[in-house]
**Q** 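Quick one: the structure is below, and I'll ask about it shortly.
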Amino acid sequence: MAFLAWQESLRLLKQGTNEIIGEEDLVEKLKRADSGGPPLRVKLGLDPTAPDIHIGHTVPLRKMREFQDLGHEAYLIIGDFTGRIGDPSQKSETRKQLTTEEVMQNARTYQEQFRKILDPEKTHLVFNSDWFSKWTPEEFLTLASKYTVARMLERDDFEQRYREGKPISILEFFYPLLQGYDSIAIKADVELGGTDQKFNLLVGRQLQKEYGQNPQALIMTPLLEGTDGVQKMSKSLNNYIGINETPGEIYGKTMSISDDLLKSYITLTTDLRGQKLDQYLADLENNKIPPLEAKKFLARRLVEMYHDQEAALKAEQEFTKVFSRGNLPEDIPEKEIDGEWLNENGEIRLVHLLSHLEMVNSNSEGRRLVKQGGVYIDEERVEDPNQAIKPQAGMIVRVGKRKFSRLK
RNA sequence: GGAGGGAUGCCCGAGUGGCCAAAGGGAGCAGACUGUAAAUCUGCCGGCGCACGCCUACGAAGGUUCAAAUCCUUCUCCCUCCA
């Protein structure tokens, strides 16, 4: 395909980014591609431990897609080599060691999910064990010799931990080096990553120079806040919206984000680009578009992107029905009541009903919820946790706003 | 090898013999309100056949004490400094 004029490409690529390092290099590379050179090789490193992609991951992936749409090639690097070793420090997010099978399994699920975002024709999935597992100790030492401790300590995170007397393992020093070497292995022209990857990306750039390659340009995308609006989106914090989730989940979780998050979500996670995006943000700013409407738009868009339009409409209708109007949802999971749980009168105490239906995690929790007025049977609030209930087919038990069960 | 410091509930972080199931914040949950699962406000936020009863709990195992997250011993892991 024909490349866009490089100026135009550059403008597009810069949108929604946080920082670009080596912009001159990027311009050079774009120009070269523009005048008939080979497409750029754009690198993105992936964590081999997280098989579920959430919309936070999609931020750099979407940027990658833009590159692809401009005719360039994506190189996704799975850091399986480092993943197999495991990271001994960073207690906060203890990385566990992965077996080869696990890595392969994760890679497969990745690939399925990528199809929703990237152009498979222009996507190369690469494992860094391909080269590192063949390395001799000497080669590792050579790599290590290219960098100094002082430069390593330039990284905020290291510097801070060093100052505070927190542990930094030598292995952690190797991570940026190895990740940086990946750029050399695939001859990357550009590397994408979140702002938290800045240091690692820079190491890649510097190492490329050491090894006599053209340094890659770095494009850093902002980190997406999680649905809690406090921490960055991550699976372990359970504040994420996964692209494999059901339309209802995606829609609902989106509606639950704080209004303050709207702008960043719209710019970073939707395919609204260029002038349209600028216009939309402006309208949002001066209240031409009320936040509620914007959030519905966002929620609909996200469902459309990862499912389809029909699903989006349905999700919206469901949402309005259940949460705005307080009606019962379309699909209520059916649950069976085991006869053993009932007493001789065919009754069961409310708290036990709730825990048997797995609608609460413990009897105590059930008790609390009932006392707080969060439990309803056939849409009628029940107030006594010990109340005897005679289960009947079709009876609807509701806990809070979101949990429903229909008895068989 | 030596000296010192630390490990607390989902996370951060107080607490140095009883008033501690453990302050405070965050997250989460419920309710009210709002035609948002937003914001705000209120409450909850170990378990148990549960209105002040019992059990489990402050890195692990023992011990002292009427009484321990808090004192002692050993152990595990971590950090700092000296060498």
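Residue numbers start from 1 in every chain, and the chains themselves are labelled A, B, ... in the order their sequence lines are given, proteins ahead of strands.
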**Q** Between the side chains of A/Ser405 and A/Lys335, does any donor sit under 3.5 Å from an acceptor?
**A**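 Side-chain D/A pair, A/Ser405 to A/Lys335: present.
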**Q** How is A/Gly252 classified with respect to the nucleic acid when contacts are heavy atoms under 4.0 Å: base, sugar-phosphate, or nothing?
**A**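 A/Gly252: base contact, heavy atoms under 4.0 Å.
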**Q** Looking just at side-chain N and O atoms, do A/Gln179 and A/Asn200 make a donor-acceptor pair shorter than 3.5 Å?
**A**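 Yes, side-chain donor-acceptor contact under 3.5 Å.
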**Q** Which is true for A/Ser258 with a 4.0 Å heavy-atom rule: it touches a base, it touches only sugar-phosphate, or it touches nothing?
**A** sugar-phosphate
**Q** Is the terminal nitrogen or CZ of A/Lys146 (NZ for Lys, CZ for Arg) located under 6.0 angstrom from the six-membered ring centre of A/Tyr211 and within 45° of that ring's axis?
**A** yes
**Q** Within the structure, does a side-chain N or O atom of A/Arg368 lie under 4.0 Å from either OP1 or OP2 of B/rG43?
**A** no
**Q** Do other residues, nucleotides or ligands put more than 12 heavy atoms under 6.0 Å from A/Lys314 NZ?
**A**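 Not buried by this count: 12 neighbours or fewer within 6.0 Å.
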**Q** Can you tell me if A/Ser364 touches the phosphate of B/rC48, counting only side-chain N or O atoms and a distance under 4.0 Å to OP1 or OP2?
**A**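 So the side-chain polar atoms of A/Ser364 do come within 4.0 Å of the phosphate oxygens OP1 or OP2 of B/rC48, strictly under.
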**Q** Select base, sugar-phosphate, or nothing to describe what A/Ile257 touches, counting heavy atoms under 4.0 Å on all strands.
**A**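 The residue A/Ile257 makes sugar-phosphate contact but no base contact.
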**Q** Under 4.0 Å, counting only non-hydrogen atoms across every strand here, what does A/Tyr251 touch: a base, just sugar-phosphate, or nothing?
**A** nothing
**Q** For A/Arg381 and A/Gly248, take the nucleotide of RNA chain B holding the closest heavy atom to each; which residue's nucleotide lies nearer the 5' end?
**A**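 Per heavy-atom nearest nucleotide, the more 5' residue is A/Arg381.
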**Q** May I ask you to list the residues of residues 287-295 of chain A, by number, that have any heavy atom positioned under 4.0 Å from an atom of RNA chain B?
**A**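 Contacts with RNA chain B under 4.0 Å: A/Leu292, A/Lys295.
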**Q** Report the secondary structure of RNA chain B in dot-bracket form, marking unpaired bases with a dot and bases paired to a different strand with |, and treating Watson-Crick or G-U pairs with both distances under 3.5 Å as paired.
**A** ((((((((.[[[..)..(.....]]].(((((.......))))).(((....)))...[[[[[..)....]]]]]))))))).
**Q** Distance check: side-chain N/O of A/Ser362 vs OP1/OP2 of B/rG47, anything under 4.0 Å?
**A**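 So the side chain of A/Ser362 is within the cut-off, an N or O lying under 4.0 Å from OP1 or OP2 of B/rG47.
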**Q** Using OP1 and OP2 only, check whether a side-chain N or O of A/Asn363 sits under 4.0 Å from B/rG47.
**A** no
